[in-house]
Protein chains: 2
Amino acid sequence: MTSPARKLSRIQTENRQRIRDAALGLFATHGFRGTTLDQIAEACGMHKPNLIYYFESKEAIHIDLLNMLMEEWLSPLDAMNPDGDPLEEILGYIRRKMEMSRLYPRESRLFANEIVQGAPRMLPHLESTLKPLFNRQIGIITRWMDAGKLAQMHPAHLIFSIWAVTQHYADFEAQIAVLLPGDDKRARGADEFVEMMFRKLLTP
Amino acid sequence: MTSPARKLSRIQTENRQRIRDAALGLFATHGFRGTTLDQIAEACGMHKPNLIYYFESKEAIHIDLLNMLMEEWLSPLDAMNPDGDPLEEILGYIRRKMEMSRLYPRESRLFANEIVQGAPRMLPHLESTLKPLFNRQIGIITRWMDAGKLAQMHPAHLIFSIWAVTQHYADFEAQIAVLLPGDDKRARGADEFVEMMFRKLLTP
DNA sequence: TCGTAACTTTACCAAATGGTAAAAAACTTG
DNA sequence: CAAGTTTTTTACCATTTGGTAAAGTTACGA
């Protein structure tokens with residue numbers, strides 16, 4: 001059913017990656033429809049037909065990016081250890097999310113764009129990949145709360161609030177830069193605030 | 001300096017509003033570049049040249065929308081009363097933000113799109129309109145904290161976290177719908193969670 | 001009710017855009 | 001190094017899209 005999928009040559013691997021890297025920045029900033037093949041081509045120093053040589057279409061680039069990023073984007077969620085200290089596990093997750101917001105804002109914005117627009121290309125993935133992971137984490141957190149290790153609250157909304165707050169720093173950076181200008185320790189302040197906030201929330 | 005600006009006729013007022021309403025939904029869902037004049041025209045039952053009769057260009061519609069919505073979108077921030085009870089004032093603000101997320105998700109997503117993409121058409125407005133309002137509220141909150149009425153924390157990050165959490169319910173609705181499906185009291189659960197969360201955070 | 005101004009519709013257009021065809025160049029391998 | 005394969009480049013093309021010109025229609029005040 002799937003395509004031939006013979007092994008990729010060195011050049012193929014390299015150039016596909018160059019294209020992904022250029023497309024990521026552009027899709028994240030201008031959205032799918034707002035990005036042209038010519039822009040991507042220029043950003044990675046190739047010619048337009050060359051992109052189509054490596055990817056079937058513009059949409060194929062976008063889908064490939066979303067699929068590639070899905071895994072690493074969700075990996076921190078999977079790294080929570082059910083046998084660890086509950087508060088520290090969740091705070092560790094939050095710290096990793098804050099770090100990702102700082103290190104990979106393009107990825108964060110790509111997802112934000114996709115979800116804000118109703119996830120037209122990612123809904124199946126949300127169902128099949130994110131949802132089981134999410135439900136597993138809900139289970140873990142619920143057990144922690146039932147054991148009295150964390151304050152009782154709706155675990156799904158807890159996770160939503162973590163996503164909301166951590167990703168906000170990447171997705172709404174343009175606004176934050178206006179409101180807290182020239183603050184070279186902005187990231188530091190954000191980290192400290194977020195940690196304090198969820199520590200207070202979660203402590204029984 | 002500004003254009004003639006003679007009074008608008010009844011038909012002008014009505015039709016400009018029809019166009020705005022149609023464009024709002026489309027821009028919010030597909031972004032500026034992802035929306036075509038033909039789509040807007042069809043959505044409001046007009047013909048394309050008619051749109052250009054009422055607005056100079058597609059961009060003019062977008063700018064007009066952003067400007068119109070800016071005021072009402074920010075109005076709850078302005079409604080905080082420095083002489084009220086601090087905790088109740090902030091919780092009231094949060095409740096209003098949650099309500100807006102529920103009643104006006106299109107507006108929320110329109111802004112989200114704009115900011116995620118670096119606020120290309122709204123940066124000046126953020127500087128001139130949002131920033132002074134923001135700084136005034138920072139001042140009020142700081143005084144409340146200094147008076148010991150609220151827990152001490154970085155007031156700017158507090159506001160960011162309120163925006164993040166409340167707007168998340170509108171902006172990421174597609175994701176939430178996948179993860180909490182068929183939950184007809186989702187809004188209720190969200191309201192209760194958010195109120196509990198910030199009450200606990202802000203109580204000294 | 002008539003004339004004019006406001007509004008709508010039809011028929012276009014130029015530029016941009018996603019994508020193709022095929023020749024040219026570069027690389028790989030026996 | 002020659003033959004075959006992969007990769008790049010040039011020249012196109014059809015469609016879409018933002019916008020215009022101008023004729024046709026409607027609303028409205030004198």
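First the proteins, then the strands, lettered A, B, ... as listed; each starts at 1.
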Electrostatic pair [X]-[Y], nearest N-O below 4.0 angstrom:
X      : Y      : result
B:E89  : B:K149 : no
B:K185 : B:D191 : no
B:E192 : B:R188 : yes
A:R102 : A:E173 : no

message: Among residues 30-41 of chain B, which ones have heavy-atom contacts with DNA chain D below 4.0 Å?
response: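 Output list: B:T35, B:T36, B:L37.
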- prompt: Taking only side-chain nitrogens and oxygens of B:N15, does any of them come within less than 4.0 Å of OP1 or OP2 of C:dT8?
  reply: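 For C:dT8, OP1 or OP2 has a side-chain N or O of B:N15 closer than 4.0 Å.
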- request: Output yes when at least one side-chain N/O atom of A:Q12 is less than 4.0 Å from OP1 or OP2 of D:dT6, else no.
  value: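 It does not, given that no N or O in the side chain of A:Q12 lies less than 4.0 Å from OP1 or OP2 of D:dT6.
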query: Where along residues 43-57 of chain B does a heavy atom come under 4.0 Å from DNA chain C, residue by residue in number order?
result: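 DNA chain C contact set from residues 43-57 of chain B: B:H47, B:P49, B:N50, B:Y53, B:Y54.
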field: Among C:dT8, C:dG19, D:dT8, the nucleotide that comes nearest once only the side chain of A:K58 is considered
entry: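 Given the options C:dT8, C:dG19, D:dT8, the side chain of A:K58 is closest to C:dG19.
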message: How many whole angstroms separate atom CZ of A:R16 from atom C1' of D:dT6?
response: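 Answer to the nearest Å: 15 Å.
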message: Could you check whether any side-chain N or O of B:K58 sits under 3.5 Å from a backbone N or O of B:T35, counting only pairs where one atom can act as donor and the other as acceptor?
response: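 Yes, because the side chain of B:K58 sits within donor-acceptor range (under 3.5 Å) of the backbone of B:T35.
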- prompt: Does a donor on one side chain sit under 3.5 Å from an acceptor on the other, for B:H62 and B:R121?
  reply: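 Yes, a side-chain donor-acceptor pair sits under 3.5 Å.
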message: One pair to check against ring-ring contact (aromatic ring centres under 6.0 Å, His included): B:F160 and B:F134. What are the steps and the verdict?
response: CA-CA 10 Å; B:F160 295 156; B:F134 178 79; 5.7 Å; yes
Under the ring pair (Phe, Tyr, Trp, His ring centres under 6.0 Å) test, residues paired with B:F193 that sit two or more places apart: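 Once residues adjacent in sequence are excluded, the partners of B:F193 under the ring pair (Phe, Tyr, Trp, His ring centres under 6.0 Å) criterion are A:H157.
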